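Owing to the predicted nature of the structure, the values given are computational and were not obtained by experimental measurement.
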Amino acid sequence: MTSVVIRGLALSFGEQRVLTGVDLDVPASSTTAVLGPSGCGKTTLLRLIAGFLAPDEGTIHLGGELVADATSSTPTARRRVGYVPQEGALFPHLDVAANIAFGLARARRRSGDRVGDLLELLGLSPSLAKRFPHELSGGQQQRVAVARALAPDPAVVLLDEPFSSLDSGLRADTGRAVLQALRATGATAILVTHDQDEALSLADQVALMGGGRIAQAGTPRQIYQAPVDRAVAEFVGEAVVLPAVVSDAGATCALGLVDVQGPATPGAASVMIRPEQLRLGRSQGAQLVGRVLDVAYHGHDASVRLRLATDPGEGVDVVARVDGATAPSPGDLVGVSVQGPAWVV
Amino acid sequence: MALAGLVVLLALVPLAFVAASTVSTGWDEARRLLLRPRVGELLANTVRLVLGAVTASAVIGTAAAWLVERTDLPARRVWTALLGAPLAVPAFVNSYGWVSLTPRVEGYGGAVLICTLSYFPLVFLPVAATLRGLDPALEETAASLGLGRWRVLRRVVLPQLRPALLGGSLLVSLHLLAEFGALQMLRFPTFTTAIYDQYRSSFNGPAATALAAVLVLLCLLLLVGEQRARGDRRLARVGSGATRATVRHRLHRWTTPALAAATALGVLSLGVPVASLGFWLLTGSPTSFPVAALASATAMTLGLAAGAAAVTVLAALPVAYLAVRYPRLATVLLERGTYTANALPGIVVALALVTVAIRWVQPAYQSAGLLVMAYVIMFLPRGVVSARAALAQAPPLLDDVSASLGTSSLQTFRRVTLPLIAPGLASGAALVFIAASTELTATLLLSPIGTRTLATAFWSSSSSVAYGEAAPYAALMILVSIPATYLLTRQARRFARA
């Protein structure tokens with residue numbers, strides 16, 4: 001039963017406070033994505049867990065064992081962490097098999113049975129075993145790097161933006177293969193990323209970082225549908241945020257009276273609606289009507305920016321996400337309706 | 001850190017010796033010794049020799065590297081080997097080759113010519129290696145921004161070559177400051193030859209030490225200049241994708257002139273000394289070859305050079321490691337400290353060691369160990385430069401990964417760092433081996449009584465104008481350097497490819 005427990009972790013580089021008090025729990029055998037914009041301190045957090053850095057304040061427990069606090073820090077080599085850096089960083093002088101077996105004891109390195117298993121687990125052909133890192137594609141390099149990290153059965157696997165150097169098609173495939181491998185081995189993993197799609201689609205838990213602390217941690221669904229504040233809401237996806245007046249009946253905003261969820265107290269508030277909650281239809285007979293300003297067509301869907309033309313929200317701009325095939329054209333007049341509740345932020 | 005400190009301390013012994021003797025000489029005496037027309041003349045000679053030969057080496061070395069690496073010059077591999085090969089011919093053998101043909105090479109022009117021909121590979125090799133490793137995408141981007149071929153060269157390629165070019169030029173200038181044999185033979189007096197003559201006439205006179213102090217000052221000036229020009233960028237990088245091969249410039253009608261220029265360079269730097277040597281080998285010696293003397297000198301040379309190479313690389317590693325991994329003022333100063341000995345003429349290093357040995361470690365005096373120590377001090381910069389370049393191939397990230405896999409730092413060094421830097425260290429050992437097997441000045445003073453190396457045997461014959469008698473020693477000297485030179489050029493290739 002292994003988990004990561006982090007309390008009050010803080011670290012400064014000189015004058016610059018990078019982490020200001022991070023609390024995070026990672027349940028055993030699950031994947032947590034640490035999501036945040038670049039420079040938010042997420043890589044620093046990972047390096048602290050790995051033991052490459054020591055914290056100024058706070059504690060890190062791995063599997064119930066204290067590995068770092070303000071006064072002492074267990075060396076990386078004794079923490080049993082698997083580390084997968086951004087560029088894979090395979091040992092250039094070793095072939096794939098030797099790279100994967102690197103962390104194993106000498107006897108097991110010789111036998112080589114683990115290498116075959118891990119290659120298979122990561123969906124790599126056994127014929128790659130004798131290749132050298134420079135003979136592999138970027139996606140293959142990353143898979144080998146993950147196999148290498150998994151080989152010694154680490155307490156936790158740390159992945160630092162492992163897919164960001166891959167092109168988009170490869171990224172999704174590699175991400176899936178890696179996550180499958182992590183689940184199959186029952187590993188606990190922390191994945192650092194700035195890509196919200198990656199975080200939401202791959203992880204069991206998403207921890208959103210901002211300003212040197214964890215702004216919110218929860219399931220992908222909680223993070224997306226019930227963000228704690230506007231910044232979280234806007235980082236994990238497009239959001240329509242409108243001023244509203246909350247009453248027992250719901251929230252009255254530019255879109256009329258809508259249902260609300262979240263920490264609602266009567267009075268003035270802001271509500272958040274995801275663009276896919278707005279449905280577009282014919283303008284005749286519609287209560288809410290808007291004129292289409294522009295359309296960003298993505299194939300599978302389209303983002304439609306429109307300006308409301310009816311009270312109470314006349315002149316307010318909102319964004320709707322609709323099926324790509326039925327997207328209106330700029331200038332069209334469309335009817336607008338709201339599906340599901342708004343979230344008070 | 002302690003280890004590196006010890007190495008640097010050893011490297012600074014000659015400098016301390018010079019400083020201590022200068023101080024004990026006293027200010028007035030030093031001023032009397034230095035403010036002489038003769039010193040001004042020596043300073044002018046030294047400076048114009050360094051300026052002339054470094055400029056020529058930089059231009060020729062870079063142009064040759066560009067031709068070999070960036071154009072469709074025919075037989076490029078041959079040229080790479082051929083243009084690196086002059087390193088195997090010691091400068092004093094090169095000048096012997098020229099002087100024994102025509103006395104007209106004596107003086108400034110000849111000194112610049114022969115020093116350039118001997119030392120331009122020190123620029124050629126690193127610049128060629130860098131050119132090979134450059135990402136062509138940068139040049140293509142520059143071209144897409146509307147820069148013509150020459151402006152791409154000037155604004156994109158040359159700035160990236162700067163570390164290699166500066167490093168190579170620094171090596172050339174340090175060699176020139178310490179050069180003795182070639183310049184003595186060409187009758188072009190510089191500080192180093194003057195110090196030698198002073199020592200010869202008045203064993204360890206204050207005049208010579210005062211001159212050496214000026215020379216050390218020049219060296220320090222160069223080091224500071226190079227450090228400033230280079231800045232302190234960290235060059236380690238892990239590439240994930242393979243870099244594409246460069247598109248080579250087509251020479252078209254310039255093919256023949258380019259080939260002619262490369263051939264001329266090869267003939268002048270390698271052909272002349274080799275041909276001259278061959279001539280003297282065939283015609284010069286009236287008696288049969290002194291086989292026993294040749295064999296014992298060869299064995300002596302091989303043993304000393306191999307010992308020096310091994311010890312130097314071991315000593316250079318901790319110094320370079322600190323400077324690369326922990327670039328702070330203290331570590332950079334440590335690294336730079338090792339360079340100073342290179343600009344001290346071999347004879348100063350030798351006399352410093354003689355003095356120290358006689359005063360404190362009597363049994364070491366007149367031992368092979370002391371001579372090896374002199375070699376280590378003198379050639380430590382070569383070891384450090386190579387170890388530094390080698391360590392750039394082993395980025396710290398790999399250490400992190402290794403630690404995360406449960407490997408102790410000692411194990412990480414053995415299993416990750418060492419295999420990655422071994423080729424670079426081998427290059428360093430080869431460089432030291434070549435230098436030690438052809439070293440003349442310190443060897444003249446420190447070799448145990450009754451033993452001769454190839455260099456000292458060659459020198460005693462050629463300075464008494466017995467050109468024929470000297471020839472076999474020179475030929476052997478080149479022969480023993482060939483394997484190391486080959487290793488070096490091959491390593492330079494592999495380095496750039498990795």
Does B/Leu398 reach the side chain of A/Pro92, with side-chain heavy atoms less than 4.5 Å apart?
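In short, these two side chains touch, coming nearer than 4.5 Å.
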Any side-chain heavy atom of A/Pro85 sitting closer than 4.5 Å to one from B/Asp400?
no
Inter-residue atom distance A/Leu150.CG - B/Leu405.CG, 0.5 Å rounding
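Rounded to the nearest 0.5 Å, the CG-CG separation comes out at 10.5 Å.
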Between CZ of A/Phe91 and OG of B/Ser402, what distance do you get to the nearest 0.5 Å?
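A/Phe91 CZ to B/Ser402 OG: 4.5 Å, rounded to 0.5 Å.
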Is A/Glu65 atom CD crowded by more than 12 heavy atoms from other residues, nucleotides or ligands, each under 6.0 Å away?
no
Heavy atoms of other groups near A/Glu135 CD, more than 12 under 6.0 Å:
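Yes, because the 6.0 Å sphere around CD of A/Glu135 holds more than 12 heavy atoms from other groups.
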Between [X] and chain B, which part of the residue has a heavy atom less than 4.5 Å away: side chain, backbone, both or neither?
| X | result |
| --- | --- |
| A/Phe102 | both |
| A/Arg47 | side chain |
| A/Ala149 | backbone |

Largest heavy-atom contact set with chain B, pairs under 4.5 Å, which of A/Gly103, A/Ala77, A/Gly51, A/Pro152
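Top option by heavy-atom pairs under 4.5 Å: A/Ala77.
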Donor-acceptor pair, A/Arg78 side chain versus B/Ser408 backbone, under 3.5 Å?
no
When you measure from the side chain of A/His93 to the backbone of B/Arg415, do you find a donor-acceptor pair of N or O atoms at a distance under 3.5 Å?
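Checked: pair present.
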The criterion is salt bridge (Lys or Arg N to Asp or Glu O under 4.0 Å); which residues satisfy it with A/Asp195, sequence neighbours excluded?
A/Arg171
Mind running side-chain contact (heavy atoms from CB on, under 4.5 Å) on A/Phe52 and B/Leu397 for me, showing each step along the way?
CA-CA 10 Å; A/Phe52 303 139; B/Leu397 181 62; over 6 Å; no
